[in-house]
Participant: 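I have a structure I would like to understand better, so I am pasting it below and will then ask my questions one at a time.
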Amino acid sequence: MGLDAGGIVPTIALAWASGSQYRLAWKVNLDLPEKLVFHEPHARRLEVFAYGDFKGQRVLIVDDEITTGLTLNNLINALRAAGADVTGVLCLVEDTTGGGRCLLERNEVPLCVLTTL
């Protein structure tokens, strides 16, 4: 699952390299069934949407960066409420000043990053 907008390219690259399927979470509110809604608290437009049946699905979340972890935590909670098994979070960059890693650890979700600031 890739997050709009910075997580889209890494998600597609990872899916292509691994032969895995992917879904994207967008800030586009479509009139579709099985809509998952969560919030990105530090953005102008707070609501983010993912579409489809997540029950029983194993999900790796991909984004460009993590600072506070609030958006990722909100997505994790929404996915779990929809019946998904969140296996981890992959981010290109971790800003360690925001405490995001600790938030994910409290939620028992492993975080893998390529670099830290």
Participant: Please give me the minimum heavy-atom distance between Ser20 and Ser18, naming the atom from each residue.
Facilitator: OG-OG, 2.9 Å

Participant: Taking the side chain as every heavy atom from C-beta outward, state whether Val62 and Ile8 have any pair of such atoms under 4.5 Å apart.
Facilitator: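 Val62 vs Ile8: side chains apart.
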
Participant: For residues Leu117 and Glu94, determine if any side-chain heavy atom of one lies less than 4.5 Å from a side-chain heavy atom of the other.
Facilitator: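 No, every pair of side-chain atoms sits at 4.5 Å or beyond.
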
Participant: Search all heavy atoms of Tyr22 against all heavy atoms of Thr11 and return the closest pair with its distance.
Facilitator: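 Between these two residues, the closest heavy atoms are CB-CG2, 3.8 Å.
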
Participant: Are Val113 and Val86 connected, step by step, through hydrophobic side chains (Ile, Leu, Val, Met, Phe, Trp, Tyr) whose heavy atoms are closer than 4.5 Å?
Facilitator: yes

Participant: Taking side chain as C-beta onward, heavy atoms only, is Pro41 less than 4.5 Å from Asn74?
Facilitator: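 Counting from C-beta outward, Pro41 and Asn74 do come under 4.5 Å.
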
Participant: Can you tell me how far the CG atom of Leu3 sits from the CG atom of Leu24, to the nearest 0.5 Å?
Facilitator: 9.0 Å

Participant: For the NZ atom of Lys35 and the CD atom of Glu47, what is their distance to the nearest 0.5 Å?
Facilitator: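 It comes to 8.5 Å.
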
Participant: Are the side chains of Leu103 and Thr68 in touch, meaning some heavy atoms are under 4.5 Å apart?
Facilitator: no

Participant: Hey, are the side chains of Thr67 and His42 touching, using non-hydrogen atoms and a 4.5 Å cut-off?
Facilitator: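 Thr67 does not reach His42 side chain to side chain.
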
Participant: Can you give me the closest heavy-atom contact between Asp63 and Gly6, atom names plus distance?
Facilitator: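 Scanning both residues, the minimum pair turns out to be OD1-C, 4.1 Å.
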
Participant: Heavy-atom distance under 4.5 Å between the side chains of Leu104 and Ile76, does that happen here?
Facilitator: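 In short, these two side chains touch, coming nearer than 4.5 Å.
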
Participant: Can the positive tip of Arg80 be found less than 6.0 Å from the middle of the six-membered ring of Phe54, inside 45° of the ring normal?
Facilitator: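 Judged by the rule (NZ or CZ under 6.0 Å from the ring centre, within 45° of its axis), Arg80 is not positioned above Phe54.
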
Participant: If you look at every heavy atom in Val28 and Phe49, which pair is closest and at what distance?
Facilitator: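 Minimum heavy-atom contact is O-CD1, 3.5 Å.
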
Participant: In terms of hydrophobic clustering (I, L, V, M, F, W, Y; side-chain heavy atoms under 4.5 Å; direct or indirect links), are Met1 and Leu111 co-clustered?
Facilitator: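 Looking at the clustering, Leu111 is in the same group as Met1.
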
Participant: Mind checking whether Val59 and Asp85 have side chains closer than 4.5 Å, heavy atoms only?
Facilitator: no

Participant: Contact between Leu72 and Ile66 at the side-chain level, heavy atoms closer than 4.5 Å - yes or no?
Facilitator: yes

Participant: In plain terms, say whether Lys27 and Glu40 are close enough for a salt bridge, that is, a side-chain N and a carboxylate O under 4.0 Å apart.
Facilitator: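 Salt bridge present between Lys27 and Glu40.
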
Participant: Mind listing the closest non-hydrogen atom pair of Val89 and Cys91 along with its distance?
Facilitator: CG1-SG, 3.8 Å

Participant: Group every Ile, Leu, Val, Met, Phe, Trp and Tyr by side-chain heavy-atom contacts under 4.5 Å, then state whether Trp26 and Leu32 land in the same group.
Facilitator: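 Per the 4.5 Å side-chain linkage, Trp26 and Leu32 are co-clustered.
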
Participant: To the nearest 0.5 Å, how far apart are CD in Glu34 and CG in Asp53?
Facilitator: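 One gets 4.5 Å once the value is rounded to the nearest 0.5 Å.
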
Participant: If I take atom CG from residue Asp4 and atom OG1 from residue Thr71, how far apart are they, to the nearest 0.5 angstrom?
Facilitator: 11.5 Å

Participant: Is it the case that atom OH in Tyr51 sees more than 12 heavy atoms from other parts of the structure closer than 6.0 Å?
Facilitator: yes

Participant: From Arg23 CZ over to Leu36 CG, what is the distance, rounded to the nearest 0.5 angstrom?
Facilitator: 10.0 Å

